[in-house]
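Worksheet: one structure, shown below.
Atoms considered below: every heavy atom in the structure, side chains included; atoms not considered: hydrogens, waters and symmetry mates. Here is the naming used below: chain letters follow the sequence lines, and residue numbers restart at 1 for every chain.
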Number of protein chains: 2
Amino acid sequence: MQEQTDPPDEPSPGLVSTAIQAITQHIRSEGLAPGDPLPSEAAMTRQLNVSRTVVREAFRSLSAMRLIDMSAGRRATVAKLDTGAMSMVIEHGITTQQISVQQVYDVRRTIEMRTVALAALRRTDQEAAAIARSARQMRESFRNPEAVMEHDIAFHEAIAAASHNPVFSLIVTAFSGVTRRTWVIGWRTRSSDEAQLKMIKGHEDIADAILKGDPRLAAEHMAEHFDKSVKALLDAGIA
Amino acid sequence: MQEQTDPPDEPSPGLVSTAIQAITQHIRSEGLAPGDPLPSEAAMTRQLNVSRTVVREAFRSLSAMRLIDMSAGRRATVAKLDTGAMSMVIEHGITTQQISVQQVYDVRRTIEMRTVALAALRRTDQEAAAIARSARQMRESFRNPEAVMEHDIAFHEAIAAASHNPVFSLIVTAFSGVTRRTWVIGWRTRSSDEAQLKMIKGHEDIADAILKGDPRLAAEHMAEHFDKSVKALLDAGIA
DNA sequence: GAATAACAACCTGTCATACAGGTTTTCAGG
DNA sequence: CCTGAAAACCTGTATGACAGGTTGTTATTC
């Protein structure tokens with residue numbers, strides 16, 4: 001047996017990985033911006049001296065991560081920042097039970113305490129209105145849980161957007177998928193109309209604080225909201 | 001010009017997307033755990049009634065996101081949670097200038113204020129030791145910036161690990177790539193030995209607070225550390 | 001001369017086939 | 001029971017083919 005455990009050489013990263021790197025490298029070195037076109041598969045095939053199969057798998061992989069956009073007939077283009085890949089990672093973690101819903105909520109709470117404060121400080125009037133509108137729509141569609149949930153999600157994403165930091169938006173949006181799977185449970189735990197309306201009131205309070213531009217108050221309401229949500233999930237027996 | 005911006009209909013999700021969904025669906029419905037094997041490409045080909053090309057591109061895409069592990073001769077297996085995809089998304093955002101380094105630091109600060117507090121509360125003795133060790137190694141390799149950086153990164157990742165919430169680990173680790181690209185700039189801004197040693201002292205203070213199990217103190221030191229780091233980057237003209 | 005329609009060139013999407021190597025299973029021989 | 005080699009299966013890569021979408025060019029027509 002050799003004393004080397006594995007570090008001396010990676011036998012071969014594989015041609016596809018190499019191609020992926022070449023493409024991302026191309027984006028970097030050419031300073032491409034979203035919407036800019038990438039080389040065609042044929043061109044990449046010649047440049048890397050590999051088969052089209054390999055190049056295609058590389059393009060397809062980047063497309064799956066939403067780093068590039070592909071469509072038939074057109075060349076691939078650099079993509080705008082998108083949640084796609086991150087959502088899939090989180091979903092994968094949840095479905096394979098490597099992370100728990102509660103852990104996701106802890107992260108969400110941490111992040112949204114910040115986004116809500118930033119939103120209070122940096123929101124435009126339009127953004128404040130959009131946030132308030134989502135809260136209002138929650139109340140209006142009160143009898144339709146599905147709709148309440150979608151407005152709830154939109155509410156949190158709107159706050160993240162108003163933080164004016166796309167990284168926060170990215171992360172918050174990535175968690176929306178998980179929310180869609182657990183939201184109803186929390187809703188049902190709030191058995192009475194009163195409890196459910198109180199939860200909606202919580203959202204309105206947050207929206208008001210953002211409108212008023214009071215980051216402290218906004219964060220307080222957000223914290224309260226999350227604490228109650230987590231409690232609701234725990235009561236329902238979500239690990 | 002049509003009034004429709006884009007939503008009317010997705011003409012066809014494409015066979016590959018369908019295949020990707022089928023595979024993730026398989027993982028979900030079969031309740032597969034990390035390490036469990038997936039169907040072979042041939043089996044998937046038959047099941048979905050598409051060519052091997054399509055199935056392969058689907059597998060490869062999931063592999064690129066590190067949701068599955070592939071290697072020659074063996075069937076693909078469900079992967080352990082990994083930062084791969086998330087890192088690439090962040091990197092893509094940075095290189096295409098859709099997000100700024102400063103924005104990443106804001107997110108890091110937000111998250112690590114929490115991880116450090118959780119670490120102080122939940123760390124095992126072993127974890128506390130690992131954190132302290134990284135801080136010590138920073139001081140020991142003081143004359144070798146590259147090494148200091150790697151120990152710095154390991155330090156933050158160790159804290160995230162000690163938070164016992166893999167989602168935090170995931171995010172913190174995803175940012176490490178960005179750190180590797182900007183760390184040296186901050187280091188050089190601390191022109192004197194004194195300033196550099198003070199920065200290392202900051203890390204030791206954090207490690208101490210975690211060892212003592214004092215979440216408040218730990219968070220305070222972490223906040224201070226980030227504020228200084230951001231200041232250093234701003235002084236260096238990083239947008 | 002300008003609008004337009006047909007066409008050519010190029011590009012991606014999918015399929016079929018082939019073969020080189022790696023991995024697991026099987027099974028014959030000891 | 002153990003061993004070792006062949007067989008069966010699997011993934012990695014290459015090649016060629018064709019359908020269908022997109023774009024730029026050219027020829028036709030008004």
Side-chain angles (χ1 to χ4, degrees), chain A residues 1-2 6 8-24 26-27 30 32 35-79 84, chain B residues 1-2 4 6 8-23 26-27 30 32 35-79 84:
Chain A
M1 50 186 85
Q2 299 118 288
D6 98 87
D9 67 323
E10 339 164 13
S12 102
L15 298 190
V16 175
S17 302
T18 307
I20 290 177
Q21 267 200 299
I23 297 167
T24 56
H26 176 89
I27 294 175
E30 297 288 303
L32 299 188
D36 290 348
L38 276 73
S40 72
E41 293 174 3
M44 221 42 162
T45 293
R46 281 190 299 273
Q47 184 190 320
L48 298 179
N49 208 40
V50 294
S51 73
R52 191 183 158 207
T53 308
V54 169
V55 172
R56 247 195 96 65
E57 288 186 11
F59 271 95
R60 183 65 80 174
S61 294
L62 292 173
S63 167
M65 286 187 273
R66 309 282 199 109
L67 302 191
I68 67 176
D69 290 323
M70 294 174 78
S71 71
R74 271 196 291 259
R75 299 232 299 254
T77 60
V78 176
Chain B
M1 48 189 88
Q2 300 117 287
Q4 37 171 63
D6 97 86
D9 69 319
E10 345 164 9
S12 102
L15 298 189
V16 176
S17 301
T18 308
I20 290 178
Q21 267 199 298
I23 297 168
H26 175 89
I27 294 175
E30 298 288 303
L32 298 189
D36 290 349
L38 277 70
S40 73
E41 293 174 3
M44 222 42 161
T45 292
R46 281 190 299 274
Q47 184 189 321
L48 298 179
N49 207 43
V50 293
S51 72
R52 191 184 160 206
T53 306
V54 169
V55 171
R56 245 195 99 65
E57 288 186 12
F59 270 94
R60 182 66 80 171
S61 294
L62 292 173
S63 167
M65 286 186 273
R66 309 284 199 108
L67 302 191
I68 66 176
D69 290 323
M70 296 174 76
S71 71
R74 270 195 291 259
R75 300 232 297 251
T77 59
V78 176

**OP:** Round to the nearest Å and state the distance from A:Phe59 atom CZ to C:dC11 atom C1'.
**Re:** 11 Å
Original post:
Any side-chain heavy atom of A:Ile20 sitting closer than 4.5 Å to one from A:Phe59?
Top reply: no
Original post:
What's the CD-C1' distance between A:Glu41 and D:dA14, to the nearest Å?
Top reply: 15 Å
Original post:
Between D:dC10 atom C1' and B:Arg46 atom CZ, what is the distance in whole Å?
Top reply: 12 Å
**OP:** Rounded to the nearest 0.5 Å, what's the gap from CG on B:Leu38 to CE on B:Met44? Could you check?
**Re:** 7.0 Å
**OP:** Starting from the 5' end of DNA chain C, give me the residue, A:Ala72 or A:Thr53, whose nearest nucleotide shows up first.
**Re:** A:Ala72
Subject >> Spacing between A:Met70 atom CE and C:dT12 atom P, to the nearest angstrom >> reply: 7 Å
Subject >> A:Arg74 side-chain proximity, nearest of D:dT22, C:dT24, D:dA14 >> reply: D:dT22
Original post:
Can you tell me if the side-chain N/O atoms of B:Arg60 get under 4.0 Å from OP1 or OP2 in D:dT13?
Top reply: yes
**OP:** Starting at atom CE of A:Met44, determine the distance to atom C1' of C:dC10, rounded to an integer number of angstrom.
**Re:** 18 Å
Subject >> Distance test, side-chain N/O of A:Ser51 to OP1/OP2 of D:dT13, below 4.0 Å >> reply: no
Original post:
Does the base of D:dG16 carry an N or O that pairs as donor and acceptor with the side chain of A:Arg52 under 3.5 Å?
Top reply: no
Subject >> Phosphate OP1/OP2 of D:dT11: any B:Arg56 side-chain N/O under 4.0 Å >> reply: no
Original post:
Rounded to whole angstroms, how far apart are CG on B:Leu15 and P on D:dG20?
Top reply: 13 Å
**OP:** Report yes if some heavy atom in the side chain of A:Arg60 is under 4.5 Å from a heavy atom in the side chain of B:Arg60; otherwise report no.
**Re:** no
Original post:
If you find the nucleotide of DNA chain D closest to A:Val50 and the one closest to A:Ser71, which residue's nucleotide is nearer the 5' end?
Top reply: A:Val50
**OP:** Mind calculating the distance between CZ (B:Arg75) and C1' (C:dT25) to the nearest angstrom?
**Re:** 13 Å
Original post:
So, do B:Val50 and B:Val55 sit near enough that their side-chain heavy atoms are less than 4.5 Å apart?
Top reply: yes
Subject >> Close side-chain approach of B:Asp36 and B:Thr77, heavy atoms under 4.5 Å >> reply: no
Original post:
Counting side-chain heavy atoms from C-beta on, which of D:dC10, C:dT12, C:dT14 comes nearest to B:Glu57?
Top reply: C:dT14
